[in-house]
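Hydrogens, waters and symmetry mates play no part in the numbers below; they use all other heavy atoms, side chains included. Note that the coordinates shown come from a computational prediction; the quantities given were computed from them, not determined experimentally. Proteins get letters first, then strands, A, B, ... in listed order; numbering begins at 1 in each.
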There are 2 protein chains.
Amino acid sequence: MTTPDTAPETAPRRGKATRLREYLTGLIDGGLQPHDRMPTERELAEQFQTTRLTVRRALDQLGHEGRLYRTQGAGTFVSEPRIAKSLELTSFSDDMRARGLKPGSLGTTVECIAAGAEVGAELHISPRDMVVHITRTRTADGVAMCLEHCYMPSAVVPGLETTSWDGSLYEVLSRTYGLTPEKAEQSIRASVLDAADAAALSVPEFSPAFRVQRVTFDARGRRLEYALSTYRADRYSYDMVIYRNPGKS
Amino acid sequence: MTTPDTAPETAPRRGKATRLREYLTGLIDGGLQPHDRMPTERELAEQFQTTRLTVRRALDQLGHEGRLYRTQGAGTFVSEPRIAKSLELTSFSDDMRARGLKPGSLGTTVECIAAGAEVGAELHISPRDMVVHITRTRTADGVAMCLEHCYMPSAVVPGLETTSWDGSLYEVLSRTYGLTPEKAEQSIRASVLDAADAAALSVPEFSPAFRVQRVTFDARGRRLEYALSTYRADRYSYDMVIYRNPGKS
DNA sequence: CAGTGGTCTAGACCACGAG
DNA sequence: TCGTGGTCTAGACCACTGT
């Protein structure tokens, strides 16, 4: 009699806060205009048979994503959709789909090599340990957008080099290996393209570009991936919402 | 007997969560090593005569800043300090000081002009409304790092164009006008420098650069500032910690 | 002034990790 | 099994906004 209820819980989702957030995103996406008032916290708590604390957790998350803002004494309001969301960890595929573009890959190569000094240091493994090295040209609606080098410890993804997959690498990680990227440390630099990279991206030599270096971790802090990506800057920008740190020190 | 204690509360700060966070940052900065275990939530709650919920709010913030991480069933641990913190809203001055550099400005100009189409649209005012336009070359240890154009509605900062100030514009906003930037929407693009900008930054023409466009808001959602900044890319990178969005849609 | 969000209390049960 | 963090309940009072 731990979870009797009336029905077999069509989908025994995580928590009430999650369901509440999904309901609220539905409200925002469906019909509500920017600066419209959302229901009050107390109303939502009553409607969903829960407490204000739980409602606040859902609203906090949406606030962090920039979907709504709150003003003490006045209420909770829908944000302008000018900048969709704050910077978050997504796959290239999801990122492109979110922008309404069809993601793809060209010229994928997969090899198993020794990590070497740089990759080994970033992945916290020995330079002699083996890694799977994947290179791809990522495309959006068939247009080359990004050149990607990705390194993953062979010990973490055994046999990946002999697996065939289409689309998102993250989906393979999740389905085949039960690995879920949760966090990444990322460094973005501005640069210009050399002749080879420019040709691969079909833009003139010396065009501006983003160089993105990223180490991806799972929930337990294991290093899953070290990735170096080069984005053509004429088609890419980083849009984000940032907040003042309350610990102003 | 509401706050008896022993001393007159040197500074009657905001909330317990804030004091707790300050205590915890002290713990982390003072002696604790990466991956060391922090006290448990229940211990902290008892030590500080508060509840787990309050402790969790403090820990949540530090988690978001990448200072610590938590593993269910195991405990709370100090993060590796590899990347100091997530992207946050700071002034150029604070940013440079955090990197151990001495911030400064060169060739500051201040004028009062009509907003015009672009600036008016970004600040949500009429193109005919007046704005204060400030241009500066920002320096770190005397080296030019960034060219900055900043526009603020005259109605928000009356008389700013006749005020003399040194150092941080944000400090003037806070002290003279009681305005505190709380949030910003920021777009970062990669570009190359034209001859004039390159000369101002003492780098070769066509050097890579970041173009940063930013609208700053206060806690009540008022638009305070529209800023366009150009950073030399050889001296600047954006380092951040990003997380997977729990609402994976 | 009434109503809003901001903070906090004092418990409870669950899910997960490690011994 | 035990202790950890993750989630939730059912209240309370405060700070601020708008009327």
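A/Leu53 comes within 4.0 angstrom of a base, heavy atoms only. Within the 4.0 angstrom heavy-atom criterion, base atoms lie near A/Thr51.
Considering CG of B/Leu68 and CG of B/Asp36, their distance stands at 12.5 Å, rounded to 0.5 Å.
Between A/Leu20 atom CG and D/dT9 atom P there is a gap of 10 Å when expressed in whole angstrom units. Distance A/Arg57 CZ to D/dC8 C1': 8 Å, rounded to the nearest Å. One interatomic measurement links the two molecules: CD of A/Gln49 to C1' of D/dT7, which rounds to 17 Å at whole-angstrom precision. If you take CD of A/Gln72 and C1' of C/dT7, they are 10 Å apart, rounded to a whole angstrom. Remark: P of D/dG3 and CG of B/Leu44 are 17 Å apart, rounded to the nearest angstrom.
Using a 4.0 Å cut-off, some side-chain N or O of B/Thr76 falls inside it from OP1 or OP2 of D/dG5.
For A/Lys16, taking side-chain heavy atoms from C-beta onward, the closest of the listed nucleotides D/dT9, D/dT4, D/dT7 is D/dT9. Of the candidate nucleotides C/dC8, D/dA12, D/dG5, D/dA12 has the atom lying nearest to any side-chain atom of A/Arg52. Closest approach to the A/Glu41 side chain among C/dC8, D/dG5, C/dG5 is made by C/dG5 (side chain taken as heavy atoms from C-beta onward). Looking at the side chain of B/Arg42, the nearest of the listed nucleotides C/dC8, D/dC8, D/dG5 is D/dG5. Side-chain proximity of B/Thr71 to the nucleotides C/dT7, C/dG17, C/dT9 is greatest for C/dG17.
For A/Tyr151 and A/His133, the ring centers sit closer than 6.0 Å to each other.
Put simply, the side chain of B/Arg56 and the base of D/dG6 share no donor and acceptor less than 3.5 Å apart.
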